[in-house]
Amino acid sequence: MADIVRTGTLPVVVASDHAGIERKKTILAAVAADGFPVEDLGPETDDSVDYPDFAAAVGNRVADGSASFGVLICGTGIGMAIAANKIPGIRAAILYDETAARFARLHNNANVAVFGARTMSADQIVSRLRIFLNEPFEGGRHANRIEKIRQLENKAPCR
Ligand code: RB5
């Protein structure tokens, strides 16, 4: 599939922290090979960094509409998911298996895929990401639920 280029589509933006940088390289290559435009939002080295900075870089690009999907990788995926989901409009899902990858799109309209470099193999990540990038949102009754999630973004916390 190396020669397919999906022209006219927004880029998939990818970032990691130091724990995820090797998996990030694999992901960048796989996404490009499948014909998606892709951007690497860092980091460039495996020096220790703070994952919220990179969750913000990816999340802001997806939320402002200049990227189609985001991909984040840290040690477990947990910190990246927590941080990215603080950004209004972001629905970040840890893709812990292929079923989760499929339903994150079909039912949750997730727009950021999150992986754990210390908990998932490179092959697992690539196969889950391929499912995620190609599965549509089902809409219908799920659209109403996504709207309710959006409304939670504007509510003061319950105490
Ligand atoms: C970094 O050591 C680690 O805390 C980070 O990659 C991630 O797993 C946090 O959730």
Side-chain angles (χ1 to χ4, degrees), residues 6-21 23-24 27-28 31 34 36-44 48-120 124-159:
R6 298 174 198 235
T7 52
T9 55
L10 294 168
V12 175
V13 289
V14 185
S16 70
D17 68 357
H18 49 285
I21 195 163
R23 293 281 191 268
K24 184 187 71 168
I27 288 169
L28 289 167
V31 172
D34 284 358
F36 292 95
V38 62
E39 279 184 41
D40 180 0
L41 301 190
E44 292 178 3
S48 184
V49 293
D50 297 331
Y51 58 80
D53 297 335
F54 293 89
V58 163
N60 287 330
R61 286 288 304 277
V62 174
D64 74 15
S66 65
S68 57
F69 292 107
V71 183
L72 291 166
I73 316 100
C74 63
T76 59
I78 295 170
M80 285 293 200
I82 292 171
N85 278 317
K86 299 293 184 192
I87 299 172
I90 292 305
R91 293 176 298 279
I94 300 177
L95 305 186
Y96 51 84
D97 65 16
E98 293 189 358
T99 302
R102 183 164 293 113
F103 283 93
R105 291 289 308 127
L106 279 172
H107 285 191
N108 307 115
N109 201 13
N111 48 21
V112 176
V114 188
F115 299 104
R118 294 176 178 145
T119 58
M120 302 173 191
Q124 287 173 328
I125 290 172
V126 168
S127 66
R128 294 170 197 176
L129 183 56
R130 285 195 163 122
I131 292 167
F132 181 89
L133 292 177
N134 288 289
E135 202 72 58
F137 175 47
E138 208 171 271
R141 68 189 187 282
H142 303 293
N144 184 45
R145 295 163 185 168
I146 300 307
E147 171 57 21
K148 289 189 175 185
I149 292 174
R150 194 194 63 76
Q151 289 171 10
L152 290 174
E153 292 172 351
N154 302 320
K155 283 188 180 161
C158 303
R159 295 188 189 281

Exercise. More than 12 heavy atoms of other residues, nucleotides or ligands under 6.0 Å from OH of Tyr96: is that the case?
Worked result: no
Exercise. By ring pair (Phe, Tyr, Trp, His ring centres under 6.0 Å), which residues pair with Phe132, not counting sequence neighbours?
Worked result: Phe69
Exercise. Of all heavy-atom pairs between Gly79 and Cys74, which one has the smallest distance, and what is that distance?
Worked result: N-SG, 4.0 Å
Ignoring hydrogens and angles, write down the donor-acceptor pairs under 3.5 Å from the side chains of residues 51-64, residues two or more places apart or on other chains.
unit_1	atom_1	unit_2	atom_2	d
Asn60	ND2	Ala56	O	3.1
Arg61	NE	Ser66	OG	2.6
Arg61	NH1	Glu39	OE1	3.0
Arg61	NH2	Glu39	OE2	3.3
Arg61	NH2	Ser66	O	3.2
Asp64	OD1	Ser66	N	2.9
Asp64	OD1	Ser66	OG	2.7

Problem set entry | Residues in side-chain hydrogen bond (donor to acceptor under 3.5 Å, both in side chains) contact with Asp40, at least two apart in sequence or another chain | Lys24
Seminar exercise, completed: dist Asn134:CG -> Asp34:CG (nearest 0.5 Å) comes out at 7.0 Å
Seminar exercise, completed: For Val126, the side-chain contact (heavy atoms from CB on, under 4.5 Å) test, sequence neighbours excluded, returns Thr26, Ala30, Arg130
Exercise. Under the salt bridge (charged side-chain N to carboxylate O under 4.0 Å, His left out) rule, what pairs show up with a residue in residues 101-111, not counting sequence neighbours?
Worked result: Arg102-Glu135
Problem set entry | Inter- and intrachain pairs under salt bridge (charged side-chain N to carboxylate O under 4.0 Å, His left out), touching residues 79-89, at least two apart | none
Problem set entry | Value rounded to 0.5 Å, distance of CG in Leu72 from CE in Met80 | 5.0 Å
For this session: Report the residues that fulfil side-chain contact (heavy atoms from CB on, under 4.5 Å) with Glu44, sequence neighbours left out, ordered by chain and then residue number.
Result: none
Exercise. Does any pair with a residue in residues 144-157 pass salt bridge (charged side-chain N to carboxylate O under 4.0 Å, His left out), and if so which ones, sequence neighbours excluded?
Worked result: Glu147-Arg150
Problem set entry | Partners passing ring pair (Phe, Tyr, Trp, His ring centres under 6.0 Å) against His107 (at least two apart in sequence or in another chain) | Phe103, His142
Exercise. So how far is it from Met120 CE to Ser127 OG, rounded to the nearest 0.5 Å?
Worked result: 10.5 Å
Please list, one pair per line, the donor and acceptor atoms closer than 3.5 Å that link side chains of residues 87-94 to other protein atoms, with sequence neighbours excluded.
unit_1	atom_1	unit_2	atom_2	d
Arg91	NE	Asn108	O	3.4
Arg91	NE	Asn109	O	2.9
Arg91	NH2	Asn109	O	3.1

Seminar exercise, completed: Here the pair of heavy atoms bringing Ala81 nearest to Val114 is N-CG1, 4.1 Å
Exercise. When rounded to the nearest 0.5 angstrom, what distance separates CG in Leu106 from OG1 in Thr99?
Worked result: 10.5 Å
Problem set entry | Side-chain donor/acceptor of Ser68 to backbone N/O of Leu10, under 3.5 Å | yes
For this session: Any chance you could lay out the side-chain contact (heavy atoms from CB on, under 4.5 Å) test for Asp50 and Asp17, step after step, and finish with the verdict?
Result: CA-CA 7 Å; Asp50 297 331; Asp17 68 357; over 6 Å; no
Problem set entry | Distance (rounded to the nearest 0.5 Å) between Ile27 CD1 and Ile73 CD1 | 3.5 Å
Exercise. Given Val12 and Val71, is the side-chain contact (heavy atoms from CB on, under 4.5 Å) satisfied, shown in steps?
Worked result: CA-CA 7 Å; Val12 175; Val71 183; 3.8 Å; yes
Exercise. Less than 4.5 Å apart, any side-chain heavy atom of Ile21 and any of Ser16?
Worked result: yes
Exercise. Considering residues at least two apart in sequence or located in another chain, which fulfil the side-chain hydrogen bond (donor to acceptor under 3.5 Å, both in side chains) criterion with Arg118?
Worked result: none
